[in-house]
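Okay, so here's the structure we're looking at.
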Amino acid sequence: MNTNTQHLNGLNKEQKEAAMHSEGPLLIVAGAGAGKTKTITHRIVNLIKKGVSPEKILAVTFTNKAAKEMRERILTEIKKHSHGTENQEKTPFVSTFHSLGVYIIKENARLLGLTKYFTILDEGDTTSLIKEILKELGIDPKQFDPKKIKNVISREKGKFVHLADYPEGKSTSYGAGTEKVVKQVWDLYEKKKAKDNTLDFDDLLLKATKLLKDNPEVRKIYQEKWDYIHIDEYQDTNEVQYLMSKMLAENNKNICVVGDADQNIYSWRGANLKNILSFEKDYPKAKIVLLEENYRSTKNILEAANVIIKKNKYRPDKNLFTKNDTGQKIGLYEALDENDEAEFVATKILELLDGSIDSSFSGSLSPRARGALTLGPSACERPREEKSTTPSEVAVLYRANFQSRALEEAMLRYNIPYQVLGVKFFERKEIKDTLAYLRAALNPKNLADIKRIINFPARGIGKVTLLKIFANDMESLPIKVKIKINKFYEILEEIKEKIHNSKTSDVIKFVVKKSGIETELSSGGEEDMERLENIKELATLALKYDNLENGLGIERLLEDASLASDQDSLMINAGNPVRGREGSQRPSASNGIKLMTVHASKGLEFKNVFITGLEDGLFPHEKHNEDVTVDREEERRLFYVAVTRAKEKLFLSFANFRTIFGSRNINAPSEFISDIPADLLEKEGEDARVKTIYI
């Protein structure tokens with residue numbers, strides 16, 4: 001066996017072809033479940049085996065979860081095939097686009113008029129700041145929605161449009177009159193961020209890319225730093241990400257992009273499908289490799305996915321295939337309303353779990369739920385090789401967030417452990433308060449953080465006092481108030497000193513004690529105790545940063561917290577059991593079934609998947625003031641993504657009636673259901689359950 005290619009064992013012909021290509025541009029068109037991460041990993045390992053220094057390799061993806069998985073796979077493969085001969089201290093630079101932006105900005109902060117400890121505003125902070133600006137300008141936030149203004153600015157930044165280039169009065173799709181105030185708000189927004197030493201998410205990409213574009217010396221540094229560029233999910237890149245990638249690969253054109261036009265589902269936030277469709281025009285000598293073998297789903301699920309997506313016109317032709325089993329048919333449930341649909345989902349989940357839920361709370365199940373558990377062979381009667389589904393192997397997907405209400409109520413009613421993706425660990429009040437102390441200690445210019453924590457826990461500092469502090473009018477304050485304020489800033493100084501001299505986890509513990517948060521929450525009720533437990537979980541999470549010295553651990557923690565996505569909640573065990581209606585404990589939600597939007601499910605896979613709300617107007621979703629053809633194609637791509645999350649069993653459901661915004665609507669089934677061949681579907685419901693019992 002040739003040991004030089006041993007690391008490529010296990011790859012199919014096309015995967016191996018992509019992994020062995022090293023020089024020049026490469027486009028890997030990877031269908032859903034076709035092993036794209038595995039292919040990129042082995043390509044990077046192959047480059048290292050051929051003598052490329054690991055630190056000369058850059059790999060960029062979209063989520064922390066994907067970056068973490070890729071990084072771990074690369075390190076595992078390097079160790080597996082190194083035989084102790086390579087320098088394992090050198091590793092490729094694997095990150096998200098936003099983390100890469102932070103890295104470039106921090107190294108060049110002075111050129112951008114920033115300090116190293118700039119603060120990254122999250123979505124909530126950004127919206128709040130814009131709301132304050134609207135009030136300051138005498139504009140009613142109820143008439144001009146701050147979120148819509150934020151979205152306009154964000155969309156423009158994603159197109160690499162700067163404030164100076166934005167024409168006043170430019171029309172937008174966010175309502176009449178919005179275009180008249182965007183420039184005015186944007187101008188003050190940028191000034192306030194500059195004063196506070198803060199950036200928003202879009203700035204991380206915009207400023208880093210502008211820096212590369214406007215400074216040849218800086219651009220040359222990073223072009224020479226990384227000789228081999230890898231971009232994952234290339235179909236999801238916007239104009240800024242496209243330009244950043246192109247400039248970094250400008251010298252030797254050693255750029256490898258991986259993507260699938262059929263999974264482009266983010267045009268609403270600027271993702272440009274043309275980037276992947278035009279790759280061959282940008283790089284005429286590019287090699288194209290098509291990965292069509294699916295390793296995830298059964299033949300039935302894959303056949304449905306292929307039929308669905310072929311109706312789209314704007315896509316390169318490909319046909320996924322698999323060597324997996326034919327598998328079960330796709331379940332279809334026609335519900336009366338959203339509550340009936342949720343009831344079906346919950347009882348079907350119990351049927352799938354079949355005894356894997358702890359018996360300590362099974363007694364609280366309804367007669368219908370207990371009936372579902374009796375279906376099929378019992379745990380002791382099943383063949384040994386057949387295993388029960390565990391809660392974490394089940395996902396319930398929906399098109400819009402409001403749909404989770406009925407589903408959550410059903411999960412609580414049947415005491416099924418669940419986790420809603422979108423409820424981010426780092427967005428909880430107690431976590432944001434703790435992190436605000438850290439950010440304020442490092443960046444006291446950020447008035448938003450100061451405002452958040454200066455009177456939490458209560459120090460008797462009111463709004464009038466705050467206004468005088470922010471107006472630099474401390475002299476007019478009473479002496480007792482000055483003492484309180486000085487003590488607060490002394491606490492921040494102590495925290496700053498601790499940051500630079502202690503382990504990250506110890507800093508978190510210090511902040512909670514020194515700030516008074518621990519005393520405040522300890523004396524409260526059960527809800528406050530749960531908040532304190534969440535902060536303790538933050539200290540536990542911080543352990544992984546303890547090996548970084550001189551404050552780098554806290555910097556990395558704050559950066560990761562700011563850039564956390566919905567999927568990152570899958571990697572954080574909140575540690576607290578969710579409680580049932582009678583107060584009984586259930587397993588940790590992180591080990592429960594997953595409830596999420598289809599958008600949030602991108603890149604994930606589950607043994608069993610429910611796609612709910614398949615009604616015309618909901619999925620496909622109705623959108624106004626947009627190109628109907630493009631919109632329908634994206635909705636179809638979104639459904640394709642949802643279907644291809646399933647490995648073994650897929651359930652579809654729709655409701656004849658659904659209450660939306662207080663109105664009870666009559667619905668027609670989604671056109672997507674009729675797209676699926678009838679021989680791939682089977683009816684679910686009471687009739688099906690009775691039939692199973694009497695067979």
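Here, residue 1 is the first one in the sequence, and each next residue gets the next number.
Here the two rings, on Trp186 and His162, have centers that are 6.0 Å apart or farther.
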I'd like to know whether Glu72 forms a salt bridge (Lys or Arg N to Asp or Glu O under 4.0 Å) with Lys68, so could you lay out the CA-CA distance, the side-chain angles of the two residues, the decisive distance to 0.1 Å, and finally the verdict. CA-CA 6 Å; Glu72 289 175 348; Lys68 181 176 182 289; 2.8 Å; yes
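Cation-pi geometry between Arg269 and Tyr266 is satisfied (NZ or CZ under 6.0 Å from the ring centre, within 45° of the ring normal). The cationic atom of Lys193 (NZ for Lys, CZ for Arg) lies less than 6.0 Å from the six-membered ring centre of Tyr189 and within 45° of the ring axis. Under a cutoff of 6.0 Å and an axis angle of 45°, Lys649 and Phe651 form a cation-pi pair.
In Asp325, the CG atom is not crowded: 12 or fewer heavy atoms of neighbouring residues, nucleotides or ligands sit closer than 6.0 Å. Counting heavy atoms of neighbouring residues, nucleotides and ligands inside a 6.0 Å radius, atom CD of Glu280 does not exceed 12 of them. Atom CZ of Arg315 has more than 12 neighbouring heavy atoms from other residues, nucleotides or ligands inside a 6.0 Å radius.
For Thr237 and Asn275, the side-chain atoms include at least one donor-acceptor pair closer than 3.5 Å. Side chains of Lys647 and Thr298: no donor on one and acceptor on the other come within 3.5 Å. No side-chain donor from either of Glu615 and Ser670 sits under 3.5 Å from a side-chain acceptor of the other.
Applying the salt bridge (charged side-chain N to carboxylate O under 4.0 Å, His left out) test to every pair with at least one member in residues 91-102, sequence neighbours left out, gives no pairs at all.
Residues satisfying the side chain to side chain contact (heavy atoms under 4.5 Å, CB included) criterion with Tyr103, sequence neighbours excluded, are Phe93, Glu107, Tyr222, Lys225, Trp226.
With hydrogens and angles ignored, the 3.5 Å screen pairs a side-chain donor or acceptor of Gln15 with a backbone N or O of Ala34.
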